[in-house]
Amino acid sequence: AKLMNPHKKVLLPDMKAGCSLSSSITGKDVRLLKEKYPGVPVVSYVNTSADVKAETDICCTSANAVKIVKSLGVKKVIFLPDDYLAKYVAAQTDIEIIAWKGTCVVHEQFNENEINQIRKDNPGIKIIAHPECPPDVINASDFAGSTTGMIKYVEDHQPKKVMMVTECSMSDNVKIDNPNVEFIRPCNLCPYMKKITLPKILDCLENETGEIIMDPETIEKARISVERMTAIGR
Ligand code: SF4
C-alpha cells in the first residue's frame with residue numbers, strides 16, 4: 001500500500017504480521033542471484049519485501065504468475081520466493097525457472113495422504129488447491145488456481161461439497177456467497193494473518209500507531225516492479 005501511495009499515511013496494526021515467504025529472502029539475496037545469472041529477469045511474488053521488489057524486474061500474484069512469466073518472452077526466469085509456485089509455473093510453461101526455497105507455512109503443511117483421506121471420507125467432494133501447495137497436493141486435487149480462481153470455481157460449479165486447500169479463513173468468506181455449498185475446512189490458519197485482531201485495528205485507528213516508514217529511493221525502485229505487473233493485468 002505504501003509503495004503505491006507514498007504520500008499517504010499507511011498503518012499496520014501489528015508490525016509482526018509478516019509472511020514466511022517474505023521473510024525467506026532479502027534484497028541482498030536477489031542481488032547475489034542476479035550476479036550468478038546475469039541478464040536473467042527476476043519475477044517476484046507480491047508477498048515480498050520492498051527491498052526484494054526494488055531488485056525485481058516485475059512482480060506477480062498467484063493469479064497472473066504464468067501470464068507474467070510468459071509475457072517476458074525469454075527462455076529463463078528467476079522466480080521468487082515460493083518454490084511451489086515456481087514449480088507450478090514451470091509445469092504450465094516451457095520456460096526454465098530458477099527458483100528460491102521459500103514456502104508458505106500454511107500451504108506447505110498439506111500433503112497428498114491428507115487429500116486422499118478427505119476424498120475417501122467425503123465421496124463426491126471437489127478438492128481445489130492453491131498453487132502455493134506442494135506439487136503432490138496439486139496433482140491429487142480436482143483443480144488448482146489462485147485465490148480468485150478458487151472462488152470462481154466454487155461460484156461456477158456450485159459443488160455439493162468442496163475443500164479449498166488454502167488458508168482456513170478463506171472458506172468462511174466464500175461460504176457467505178455460496179450458502180448451498182458445504183465446505184470441508186482443513187483449518188490451517190496463518191499465524192501471521194491472525195496477528196491482526198480487532199482490538200489492534202481499533203488501537204491503530206484511534207492512536208495512529210504502526211505507521212509504515214520507508215526510504216523514498218526503495219519506494220521508487222520497488223514501485224516500478226509492481227507497476228509493470230499492473231500494466232499487464234490479471
Ligand atoms: S498464508 Fe500467511 S504465510 Fe502463507 S503466503 Fe499468506 S501471509 Fe504468507
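As the structure lists them, so they are numbered: ligands from 1, and atoms in each ligand from 1.
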- Give the contacting part of E132 toward ligand 1: side chain, backbone, both or neither, where contact means a heavy-atom distance below 4.0 Å.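 The side chain, only.
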- Could R185 and D172 be called an ion pair, given the rule that one side-chain N must be under 4.0 Å from one carboxylate O?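 Here R185 pairs with D172 in a salt bridge, since their nearest N and O are under 4.0 Å apart.
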- Item | Residues K34 and D57 bridged, charged N to O under 4.0 Å |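 Salt bridge: no.
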- Interatomic spacing from CD in E220 to CG in L3 - rounded to 0.5 Å: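 The CD atom of E220 sits 9.5 Å away from the CG atom of L3.
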- Message: Minimum heavy-atom separation for K2 and K8, please, with both atom names.
- Response: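 Scanning both residues, the minimum pair turns out to be NZ-O, 2.7 Å.
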- Task: List nothing but the number: protein N/O/S atoms under 2.8 Å from atom 2 (Fe) of ligand 1.
- Result: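 There are 1 of them.
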- Query: Among T103, N47, I25, which one satisfies side chain to side chain contact (heavy atoms under 4.5 Å, CB included) with P81?
  - Reply: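 In the set T103, N47, I25, the residue that makes a side chain to side chain contact (heavy atoms under 4.5 Å, CB included) with P81 is I25.
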- Query: What class does the angle between the rings of H107 and F110 fall in, given that below 30° is parallel, 30 to 60° is tilted and above 60° is perpendicular?
  - Reply: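 Geometry flag for F110 against H107: tilted rings.
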